[in-house]
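Encoded as structure tokens, the structure appears first; notes follow it.
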Amino acid sequence: MNNFFNKEISVKMFMISFVILNMLYIIPFILSPYLFMDDTVRIVVGNPDWGWQGRPLADFIMYLLSSDNNKIVNLFPFPLLLALVFYFYTIYYIVEHHLNSIKIYSLFSFLLILCSPLFVHNLLYKYDSAPMILGVSISLLAFFYQSKNKYMDIFIPILLLIMTLSLYQPCFNIFLTLLVGNYLIKLKKDINYIKCFIIYISALVIYIILVSIIMGLKSNRSHMLNLLDINSFYLILNKLSFFIKELFLNLPLLIVIPGILLTFLFVINVMLNIKQESTIMKKYYIALSPILIFLSLWGGLLIIKEPLIQPREFINFGILLFMISFYLTEKYKQISCYLTLILLIGCFSFAYQSINTLKEQKEFEKMILTNVFTNITENPEIFNSYKIYINGKLPKSLILKNNESNSQIIKRFIEPADKWVIRYTLIKMGIDNIQDGFSDDNKQQLKIIKNIKPIIETKFYNIYKVNNSSIIYFKIKKGVSEDSLKRQ
């Protein structure tokens with residue numbers, strides 16, 4: 001088996017295998033017809049709404065593909081497929097220009113970049129997934145780009161990193177993770193670390209100037225924390241602890257166990273290699289490298305006001321897994337390849353579980369909202385209301401509850417539709433007098449309906465008539481019990 005892992009393959013065979021395996025991972029997301037979170041709003045309103053978040057390039061690309069300056073249309077999966085083509089080209093560029101020999105174990109390691117457990121959250125989105133994958137590709141290209149012109153070697157990576165930030169900010173740190181870890185894995189041989197670090201900082205500063213000052217966009221995702229404020233450091237520590245406690249350790253065991261073993265082997269091997277370094281500075285860097293690589297998951301974004309605690313925001317987690325696997329398979333081929341293979345099986349299993357859980361939850365929500373639609377359209381008293389208000393939140397399906405008990409992190413990926421998703425879903429179904437927007441529950445309305453009898457009462461929701469308006473209250477609100485209304 002060791003000979004199989006160590007078998008040398010051509011670039012063509014590598015890319016064919018790489019594309020097929022990645023598509024096996026992504027095809028369930030492409031075939032899924034279910035809208036996820038913000039997708040519902042974007043398909044109804046036609047506004048990508050990324051620009052104010054500091055992602056103007058994502059807006060521009062979607063407007064361009066839609067051939068419209070005012071609205072975007074639902075082109076899925078075309079934008080995702082275009083992004084994947086560019087991603088596959090980027091990997092081809094890296095393999096062709098930076099790998100001396102291509103082995104089967106290299107294929108396993110490279111698969112972890114996109115087929116990582118946290119990237120499942122990114123792939124659930126119909127609209128966001130394309131800019132996110134494009135951001136991954138451009139950030140990879142920024143690091144591995146090489147030319148014979150020393151000025152272009154600086155200008156092009158800076159430009160690419162600014163584009164990355166303008167597509168999806170967390171992708172920016174892929175460059176830093178590769179930079180910090182490259183001293184160990186030596187994937188890019190001819191590299192000036194000081195120049196690369198200057199490129200990274202320059203791109204971040206130019207982006208902040210462009211987005212915050214010149215374009216005047218107001219978003220926590222384009223503004224930095226005040227490092228003189230002690231509360232800022234508490235927020236930074238919370239970011240670090242959240243990742244370990246709430247994300248990584250809650251992943252399925254088929255991912256956590258090989259992940260921990262690979263990390264343990266990585267740290268041990270790094271410590272053993274300290275003696276081989278010739279200078280004190282290099283010894284210190286090698287000793288600190290595991291911590292620095294971990295911190296690179298946030299990098300410069302560690303001091304951005306945006307909390308960055310959603311699974312989708314740790315987009316370079318796959319890069320971290322890739323580097324650890326690639327580094328170890330070069331040294332301990334057999335055990336590292338087996339662990340990487342088990343990790344990949346766990347990632348594929350989790351991806352399929354997630355998309356099937358989303359399907360079950362969405363079908364459950366569709367059943368409830370179809371009943372709501374019927375109640376509205378068959379009752380003139382409700383249908384002719386001046387405005388129909390939505391409060392509360394849809395419940396979890398039995399399948400979602402069961403899957404959460406088996407894998408705690410599922411609750412970070414898939415949640416029942418909140419009130420704003422319900423509003424736009426009903427608008428999409430043709431109820432045009434639904435109150436739109438992202439506002440929270442109206443406490444005044446909850447006080448009013450507490451003292452009146454509903455005109456329609458069901459297990460999951462009640463409908464009330466108040467003057468010339470109607471109020472639909474979904475009884476399970478933010479995960480609390482159905483009697484929450486009584487406590488308002």
Side-chain angles (χ1 to χ4, degrees), residues 1 5 21-22 24-29 32 105 107-124 177 239-270 290-291 293-294 297 309-329 332-361 396-415 479:
M1 197 66 174
F5 291 136
L21 290 170
N22 269 283
L24 283 174
Y25 185 82
I26 293 171
I27 200 70
F29 299 93
S32 171
Y105 63 74
L107 172 64
F108 295 154
S109 299
F110 272 90
L111 283 171
L112 288 168
I113 296 176
L114 219 59
C115 303
S116 71
L118 300 187
F119 200 75
V120 168
H121 200 208
N122 306 76
L123 290 172
L124 289 172
T177 304
K239 289 182 183 183
L240 300 176
S241 63
F242 176 88
F243 174 82
I244 298 172
K245 292 190 297 184
E246 298 295 325
L247 294 183
F248 184 71
L249 293 180
N250 279 335
L251 285 165
L253 290 178
L254 206 56
I255 295 173
V256 172
I257 292 175
I260 289 175
L261 289 174
L262 283 169
T263 303
F264 178 76
L265 282 174
F266 174 73
V267 172
I268 293 297
N269 190 261
V270 167
I291 297 173
I293 292 172
F294 175 70
L297 285 173
I309 57 174
Q310 294 295 331
R312 65 179 178 270
E313 292 162 340
F314 295 94
I315 207 161
N316 56 337
F317 182 60
I319 300 292
L320 181 65
L321 294 177
F322 154 70
M323 288 200 314
I324 291 174
S325 172
F326 190 87
Y327 175 75
L328 290 173
T329 48
Y332 311 107
K333 291 182 178 61
Q334 193 159 356
I335 186 170
S336 300
C337 286
Y338 281 127
L339 288 173
T340 301
L341 196 55
I342 294 170
L343 178 58
L344 279 169
I345 291 170
C347 291
F348 272 73
S349 174
F350 180 67
Y352 279 60
Q353 178 194 5
S354 298
I355 199 67
N356 286 326
T357 303
L358 179 66
K359 172 189 173 183
E360 296 294 339
Q361 179 63 27
K396 296 177 180 179
S397 67
L398 177 63
I399 304 301
L400 178 57
K401 290 178 182 177
N402 290 342
N403 287 349
E404 281 184 355
S405 64
N406 293 331
S407 179
Q408 285 293 311
I409 199 171
I410 283 286
K411 65 184 177 183
R412 294 285 177 189
F413 286 69
I414 300 166
E415 294 182 10

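Just so it is clear, the values below take in all heavy atoms, side chains as well, and ignore hydrogens, waters and symmetry mates.
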[atom2] on [Y] to [atom1] on [X], rounded to 0.5 Å:
X      : Y      : atom1 : atom2 : value
Ile409 : Ile414 : CD1   : CD1   : 11.0 Å
Leu261 : Ile342 : CG    : CD1   : 8.5 Å
Phe266 : Met323 : CZ    : CE    : 6.5 Å

So, using side chain to side chain donor-acceptor pair (under 3.5 Å) as the criterion, who are the partners of [X] when residues are at least two apart?
X      : value
Ser354 : none
Asn269 : Asn273, Tyr327, Tyr332
Ser32  : none
Thr329 : none

- Listed by chain and number, what are the salt bridge (charged side-chain N to carboxylate O under 4.0 Å, His left out) partners of Glu404, not counting sequence neighbours? Lys396
- Message: Counting only heavy atoms from other residues, nucleotides and ligands, does the tally under 6.0 Å from CD1 of Ile27 exceed 12?
- Response: yes
- Ile268, CD1 atom: more than 12 neighbouring heavy atoms under 6.0 Å: yes
- Message: Between Val120 and Phe29, is there a side-chain heavy-atom distance shorter than 4.5 Å?
- Response: yes
- Message: Is there a side-chain contact between Leu339 and Ile335 in this structure, where contact means two heavy atoms from C-beta onward sitting under 4.5 Å apart?
- Response: yes
- State, to 0.1 Å, how close Ser325 and Leu112 come at their nearest heavy-atom pair, and which atoms those are. CB-CD1, 3.9 Å
- Message: Just to verify, what does Phe110 make a ring pair (Phe, Tyr, Trp, His ring centres under 6.0 Å) with, not counting sequence neighbours?
- Response: Phe14, Phe322
- Item | Test item: Thr340 side-chain N/O and Ser336 main-chain N/O as donor-acceptor pair under 3.5 Å | yes
- Item | Short side-chain to backbone donor-acceptor contact, Asn403 and Thr357, under 3.5 Å | no
- Any chance you could lay out the ring-ring contact (aromatic ring centres under 6.0 Å, His included) test for Phe350 and Phe413, step after step, and finish with the verdict? CA-CA 11 Å; Phe350 180 67; Phe413 286 69; 5.2 Å; yes
- Query: Step by step, would you call Gln361 with Ser397 a side-chain hydrogen bond (donor to acceptor under 3.5 Å, both in side chains)?
  - Reply: CA-CA 6 Å; Gln361 179 63 27; Ser397 67; 3.1 Å; yes
- Please assess Leu123 against Tyr25 for the test side chain to side chain contact (heavy atoms under 4.5 Å, CB included), listing each intermediate value before the final yes or no. CA-CA 10 Å; Leu123 290 172; Tyr25 185 82; 3.8 Å; yes
- Item | Mutual orientation of the aromatic rings belonging to Tyr352 and Phe348 [parallel < 30°, tilted 30-60°, perpendicular > 60°] | parallel
